[in-house]
Structure formats: structure tokens, C-alpha cells
Amino acid sequence: MIIANWKCNGSKQMIFTWFEEFVKNYISKESSYIGIAPPTIYLEYVKRIISEKSLGIKLGTQDLDAASGAMTGAISAEMILDYECNFSIVGHSERRQYFDEKNSSIKEKIHKLIDVATPILCVGETFEENKNNLIEEVISKQLRVLEGLNFQNEIVIAYEPVWAIGTGKTPLKEEVNEIHKFIKDVVQSSSINSLIPHVLYGGSVNVDNCKDFFNCEFIDGALIGGASLEGTSFANIVKSFNGSYK
Ligand code: PGA
């Protein structure tokens, strides 16, 4: 599973060029789950291009709101369902940092989303927390938003160390692999139906380092920011994931 998180980047021109480049470099593999989370205002445009080019790429939102109605600017779970989005990212560290999102509101969002689309819940420690060996403690706390949930569908966790996002720094692949195993164990033991989640790594993934992560036993794919903003780079990461990039 490879997800592009375009964040607040792009324009119609950028998206047009992105798909031109992507199509030139992309080798489809029916079985792999490839998704894009564009800025919401471009969802329709991206959806149209994906359909015209028969790319089979899934669409998602970068966030949602638990409430609906008199909530200016919000996107509700009902709208995500109505628009047939496949997934939504929830609890990204930038939402936690710049929009002051707490685990309590992230929990509400997950509960709203669970029957509607696949949640991609982001967890990860800050640099300070990493240096103080608090990784497992922080992640366990963030994963508590899933407690008591009965997953009928899949759930995806993205492990994104805050200090690795957009910085060009990454943890060692062995460390990431261990943390992914930890996340799978915690979620499996805390969900009612013992579901094992897919766990993606996110944080400065690019064409050069992605294969190292993809070869690890417990890493099921990647959530990609910066390197997903160019169609060629993203297509090459997908190729690497599919084992065909030389
Ligand atoms: P990055 O972002 O790939 O630019 O580090 C990842 C993310 O924020 O999801």
C-alpha cells in the first residue's frame, strides 16, 4: 500500500503535469493499493483524471471532521461516504501540531470513519521523545483511540516519526521494522476482533531509500509527502514497491 499525501500543495496545472509524468513511468500491478490524498478542492479533478486514464488509483482525504452541520470549512464522514472516498488520513502530526488536535478528537473521527472508509491513523514520536526512549509509550497512547473498536474493514496505521517528516532524516530500517511489529501487536491485542493492521512507514521516504523499507518484514508500504509531489518520483516508488524498479 502506497499513499501520496499532497498536503496543501498543488494546482490544476501541477496535477495535470503530475499525471502526464506518472503515466509515462507507472507499471500497474492490479493487486497493489495505490492512493492519493489531494487537497480536498482538487478531489473532483483528480478523480476525473484517474477515471479517464483508467489508473485504478484510490482516493482519500487528508482529514475529516467528526461533526457536520454548522461547522464552516469541515468535511464530514457522510460526505466521504457520499463521494466514495476509499480512505482518510487521521491524526497526522501536522494536524496535531498546527491545528491542536488531541487524541480525544482523533478518536471521535476514527469512530465516525470506521464504517465509511479506511482510516489511516498517523502515530509517531517527536525528536525529544525519541531521545528519551519514549517511542513505545507515546505510540501506545496514540493507539488507544482504537480501543474497543470492532473493525469490519481494514485499518491502517502510519508510523511517522515527527522528526523524520520533511527533514530528509529517517530512522534505521531495523528500528522502523521493530516499531511496526510493536504497533501490530498492540492493535491486535486491543481491538475486539483481534485485527492485525497494515502498517505504513512515513517520513522522508524517497526513491533512493524506499526499497530498504519495503524489504522489511513488518513494513506494509509507505505514506509519502514530499516525494509524492512529482509524478515520476511517485511512480518510481510504486515500481519499487511492486518489485519492478531497477
Ligand atoms: P514526507 O511527509 O514524506 O515529506 O516526510 C510524510 C508525511 O507527512 O506524511
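Every number for a ligand or one of its atoms is a count from 1 in the order of the listing.
Heavy atoms of I165 found under 4.0 angstrom from ligand 1 belong to the backbone as well as the side chain.
In this structure, R95 forms a cation-pi arrangement with F99, its terminal cationic atom sitting closer than 6.0 Å to the ring centre and no more than 45° off the ring axis.
Within the 4.0 Å heavy-atom cutoff, S204 counts among the residues contacting ligand 1. Remark: distances from the non-hydrogen atoms of G202 to ligand 1 are all 4.0 Å or more.
Counting heavy atoms of neighbouring residues, nucleotides and ligands inside a 6.0 Å radius, atom CD1 of I41 does not exceed 12 of them. In E84, the CD atom is not crowded: 12 or fewer heavy atoms of neighbouring residues, nucleotides or ligands sit closer than 6.0 Å.
Heavy-atom contacts of H92 reach the following atoms of ligand 1: 7 (C), 8 (O), 9 (O) (cutoff under 4.0 Å). Less than 4.0 angstrom separates some heavy atom of G203 from each of these atoms of ligand 1: 5 (O). Of all atoms in ligand 1, listed by their number and element, those nearer than 4.0 Å to a heavy atom of L223 are 9 (O). Interface of N5 with ligand 1, defined as ligand atoms under 4.0 Å from a residue heavy atom, comprises 9 (O).
Applying the side-chain contact (heavy atoms from CB on, under 4.5 Å) test to L43 and every residue at least two apart in sequence or in another chain returns P38, T40, L59, T61, Y83, C85.
The structure places CD1 of I2 at 5.5 Å from CD1 of I34, a figure rounded to the nearest 0.5 Å.
Counting heavy atoms only, G225 comes closest to atom 1 (P) of ligand 1 of the residues G225, A4, S228.
Nearest protein neighbour of atom 4 (O) of ligand 1, counting heavy atoms only, is G226 N, 2.8 Å. From the protein, the heavy atom lying nearest to atom 7 (C) of ligand 1 is E160 OE2, 3.2 Å.
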